[in-house]
Every structure is written in C-alpha cells, then in structure tokens.
Amino acid sequence: MRRTVVVVGGGCSGVLVAGELLRCSDDDVVVVEPGELGGGVAYGEARPWHFLNSRAGAMSADPDDPGHFARWAGVEAAEFRPRAEYGRYLRTVLDEAAADHPGRLRVVRAEATRVDPGGVVELAGGTTLRADHVVLATGGPRAARQRLDHPNIIDDPWRPGVLETLPGDRKVLLVGTGLTAIDAALTLTADGRRTAPVVAVSRRGLLPLTHTAEAAPPTAPDLNDCATLRDVIRAVRSAAGEAGDWRPVVDGMRPFLDKLWTALTPDEQEAFLRHLARTWECHRHRMAPAIADRVVELRSQGLLEVRRGGVAAWPGLSEYAAVVNCAGPGKLPGSASPLVRGLLDAGSAKVGPHELGLAIDPSGRVVAASGRVHDRLWLIGPLRRGTQWETTAVPEIRAQAARLVTDLRSDAALAGVA
C-alpha cells in the first residue's frame with residue numbers, strides 16, 4: 001500500500017525532497033505551496049542582476065549527477081548563473097520527475113496554516129490534507145525585526161516592487177552588510193537613475209568576500225588532532241597559509257562542518273557564534289566575481305557606502321527615504337513563521353540549540369517540547385540550523401533530502417516486516 005507524504009513548502013528544499021521522493025520511493029507526494037515552485041526567498045523574486053553565489057557545478061539537484069545543472073543551463077561548471085534561472089531549473093527538475101512517475105505528484109496551491117504531527121495539514125480556507133508523513137520545508141526564520149524610529153521600515157526587501165518605488169534622489173539605509181544587502185543595493189541602483197547613496201550598516205561593517213574567477217580544488221585542513229575550537233582555527237590558518245589562498249581550504253571544510261559543529265561543546269559553539277560566525281559567513285558565502293566588480297564600481301561612484309556601527313543609535317534617520325531590513329535570520333521563537341510558531345505554541349516542536357532553528361533528531365525528525373521524537377514529522381533545510389551548522393546551501397540540502405528519503409524507505413520496510 002502506497003503512503004502519502006505531504007511536503008509543506010515548495011521552494012528549493014521542498015522541490016529537492018519532493019523530487020527525491022518521486023525518484024527513490026513509491027510514495028505519493030503532495031507539495032503545498034501558495035507561490036511559484038522552486039521560488040522561495042532565494043529564487044522567487046530574484047531579478048536579472050541577482051546571481052547565484054556558488055558555481056554551476058555545485059548546484060545540481062541530483063545527488064548522483066553533479067554536472068546536471070551546468071548541462072541543463074549549457075554552461076561551464078565554473079560559471080555563476082542568474083538565480084531566476086536556477087528557479088526555472090528546479091521547476092524543470094520536479095516536472096521531469098513527475099512525468100517519469102505519473103500520478104504520484106500533486107501540487108496544492110495554498111498556504112499551510114497548521115500541522116498536526118499525527119499527519120494532518122490544515123490549509124487556509126479550512127480544508128485539510130491527511131498524510132502518512134509530513135516534511136516541513138518552509139525555509140529559515142524571518143529576519144530580526146528592526147525597532148527604529150522611522151516611518152518607512154521595509155522588513156521584506158523581497159516584496160515585489162518595494163525597492164523600485166523608492167526615490168533615487170534620497171538616501172536609503174540598509175540594515176546589514178551581507179548578501180541580502182548586496183542584492184538590495186543592486187536593485188536600488190539597477191535603473192541607473194540613483195543619485196543619492198545607498199548606505200549599508202552593520203555592527204562590524206563586513207561585506208561578503210569574493211570568489212576567484214577560476215576555482216582551485218578544495219583542500220581539507222588536517223583536523224585529526226583538533227580537540228577544541230582554538231585547535232580548529234589554528235589548523236585552518238595553517239592550511240590556508242600552505243595553500244596560498246584561504247578559499248580552497250574553506251571549500252574543503254564543507255563535508256566536515258556538521259561533524260565539527262557537533263563535536264564542539266555548547267560553550268564553544270556559543271563562542272563561535274559570538275566572535276567568529278560573521279567572519280566565517282563572509283568567507284563561506286562569497287560574491288560571484290561579476291557582482292563583486294559591480295560593488296566596487298558602486299562604491300567608487302559614491303552610490304554605495306558601507307559603515308560600521310550599531311544601527312539603534314544611528315544618527316539622522318530622517319535623511320533616509322526608507323530603512324530596509326537586510327539583517328540575517330532572527331532567533332526563534334520571535335522570528336518564527338506563523339506555521340512554525342503554531343507548532344511551538346502547541347508544544348509540538350521546541351526551539352533547538354542557540355535558538356537558530358527547531359530541535360530535531362539525527363534523522364531530521366522534529367522533537368516535541370516534551371522531548372518526544374515525532375515519527376511522522378520531518379524537517380529539511382535552514383530550520384535545522386543549530387543542531388546542524390551547514391544547512392542552507394544546495395549541496396547540503398540535497399544530501400538531507402537523500403538521507404530523509406532513505407530513512408522513510410527504511411521505515412516502510414520495517415512496517416512491512418511488522
């Protein structure tokens with residue numbers, strides 16, 4: 001007897017796990033997504049000037065075929081492609097999986113408003129879906145809200161058209177200097193009519209660093225004798241010095257990051273988050289070379305300023321046409337989506353380590369406030385952060401999807417034996 005798996009969310013994580021379920025199981029799959037499949041925050045509202053921050057060769061949706069996306073796009077593996085194109089690729093991948101396995105995929109264009117861990121998903125409008133298993137693929141926490149005295153605070157820079165309507169002759173303040181701030185600055189200057197600067201501010205004023213035009217082979221540092229966070233830092237610096245470039249060392253660490261993270265004590269994890277996380281993010285999540293060149297150009301023209309400091313005490317906010325929230329994900333439960341907040345309020349889920357995501361078991365099953373592991377409720381993607389560290393990029397989410405489907409198949413086999 002075939003089971004039904006409901007995937008809540010049809011962005012990158014949802015598409016990857018739904019495709020894997022179609023290819024590698026006999027389950028019927030229902031994807032609940034009110035918007036465009038393959039979109040989400042990353043790809044749904046991307047404009048032509050927004051590029052992937054990973055090379056095409058790293059972005060395959062198929063764990064068994066690393067070159068799949070590059071071949072689909074007709075490009076070299078080292079190229080950086082537009083994010084909107086990648087959203088189209090994800091939709092194509094799911095369409096092809098559905099065509100290869102007819103009758104097993106259903107897409108429900110609605111918003112999920114409540115999830116019962118027993119296998120019931122309630123939708124806006126009052127209808128319900130029943131499932132043998134539910135996979136939460138809803139993306140990460142929202143950005144931390146900015147409590148500033150300004151009449152025009154834009155908490156969602158990805159809302160269609162919200163940045164294009166801002167006047168070009170008045171300054172705009174971006175809270176944050178990461179990749180979201182870069183994306184916002186590109187949009188605000190895209191039409192060539194801006195005369196007033198875009199000002200990006202963060203506590204440290206650090207911008208993402210840049211990929212090289214050609215990728216060097218990843219080089220993993222020797223971590224065998226590392227017992228503490230300080231040991232890891234020394235090993236990474238030593239390996240970067242020997243390689244002559246830190247980039248291949250950072251890239252070479254990716255397969256080991258979750259193991260490293262879980263080996264740290266909670267105090268060491270907290271020390272990393274407090275002192276090193278932002279520096280790591282700048283090295284790990286880098287700009288494509290063409291985007292970095294555009295940032296240099298904007299700064300040289302005086303159209304982008306990057307400043308350091310606490311935004312709460314920022315002077316002269318009245319000078320700015322808007323304050324745009326480009327900060328990173330906030331902490332739970334405050335930054336939870338309504339659906340996730342409902343799970344937390346009901347005790348069906350609990351906040352995970354360091355308030356970065358939800359508590360899960362090693363397989364990705366959601367843990368209730370009581371400590372009980374839900375047999376039927378799974379989590380994939382950014383909300384695993386805290387229990388895992390590297391859980392926001394395609395290669396890691398792709399691996400999560402493959403592991404999740406393998407575990408679901410094992411559950412089905414055990415149920416058959418029983």
Flag side-chain contact, heavy atom, 4.5 Å: [X] against [Y]:
X: T180; Y: L174; result: no
X: L332; Y: L383; result: yes
X: T279; Y: H283; result: yes
X: H68; Y: V93; result: yes
X: R109; Y: L37; result: yes
X: I380; Y: L16; result: no
X: T127; Y: L129; result: no
X: S13; Y: P382; result: yes

Suppose the criterion is ring pair (Phe, Tyr, Trp, His ring centres under 6.0 Å): which pairs have a residue in [range], not counting sequence neighbours?
range: residues 158-203; result: H50-W158
range: residues 209-231; result: F80-H211
range: residues 184-207; result: none
range: residues 162-208; result: none

Supply the atom-to-atom distance [X] [atom1] to [Y] [atom2], rounded to the nearest 0.5 angstrom.
X: I360; Y: L377; atom1: CD1; atom2: CG; answer: 11.5 Å
X: T189; Y: Q301; atom1: OG1; atom2: CD; answer: 8.5 Å
X: T387; Y: L379; atom1: OG1; atom2: CG; answer: 9.0 Å
X: L223; Y: K259; atom1: CG; atom2: NZ; answer: 9.5 Å
X: F51; Y: I182; atom1: CZ; atom2: CD1; answer: 14.5 Å
X: D95; Y: L105; atom1: CG; atom2: CG; answer: 8.5 Å

Heavy-atom count check: over 12 atoms from other residues, nucleotides or ligands less than 6.0 Å from [X] [atom1]?
X: D191; atom1: CG; result: yes
X: R170; atom1: CZ; result: yes
X: R274; atom1: CZ; result: yes
X: R204; atom1: CZ; result: yes
X: R230; atom1: CZ; result: no

What closest approach, in Å, do [X] and [Y] show between heavy atoms, and which atom pair accounts for it?
X: V249; Y: D245; result: CG2-O, 4.1 Å
X: A58; Y: R398; result: O-NH1, 3.7 Å
X: R81; Y: A56; result: CG-CB, 4.3 Å
X: V115; Y: V8; result: CG2-CG2, 4.4 Å
X: M253; Y: P221; result: CG-CD, 3.6 Å
X: A77; Y: A70; result: CA-CB, 4.2 Å

Can we say [X] and [Y] salt-bridge, meaning some charged N sits less than 4.0 Å from an Asp/Glu carboxylate O?
X: D345; Y: R341; value: yes
X: R284; Y: E281; value: no
X: R234; Y: D225; value: no

Sequence neighbours excluded, which residues qualify as side-chain hydrogen bond (donor to acceptor under 3.5 Å, both in side chains) partners of [X]?
X: R114; result: E122
X: R372; result: H374
X: E111; result: none
X: T228; result: D231

Main chain of [Y], side chain of [X]: is a donor-acceptor contact present, judged purely on distance under 3.5 Å?
X: S60; Y: D62; value: yes
X: Y89; Y: A61; value: yes
X: D251; Y: P218; value: no
X: Y320; Y: H150; value: no
X: Q269; Y: W261; value: yes
X: R247; Y: T210; value: yes
X: T391; Y: G381; value: yes
X: T4; Y: A131; value: no
X: E390; Y: P255; value: no
X: D258; Y: W389; value: yes

* **Candidates L304, D183, L303, V198 - the one meeting side chain to side chain contact (heavy atoms under 4.5 Å, CB included) with L188** => V198

[X]: salt bridge (Lys or Arg N to Asp or Glu O under 4.0 Å) partners, not counting sequence neighbours:
X: R71; result: D65
X: R194; result: none
X: R376; result: none
X: R47; result: E164

* To do: Go through S348 and V366 one step at a time and tell me if the side chain to side chain contact (heavy atoms under 4.5 Å, CB included) criterion holds.
  => CA-CA 8 Å; S348 299; V366 175; over 6 Å; no

* Asked: Given V250 and W280, is the side chain to side chain contact (heavy atoms under 4.5 Å, CB included) satisfied, shown in steps?
  -> CA-CA 9 Å; V250 169; W280 168 258; 3.8 Å; yes

* To do: Quick one: do V17 and W378 satisfy side chain to side chain contact (heavy atoms under 4.5 Å, CB included)? Show the steps, please.
  => CA-CA 11 Å; V17 75; W378 306 72; over 6 Å; no

* To do: Apply the test side chain to side chain contact (heavy atoms under 4.5 Å, CB included) to residues R88 and E85: give CA-CA distance (whole Å), side-chain angles for both, the deciding distance (0.1 Å), then the verdict.
  => CA-CA 5 Å; R88 294 193 296 273; E85 178 185 66; 3.5 Å; yes

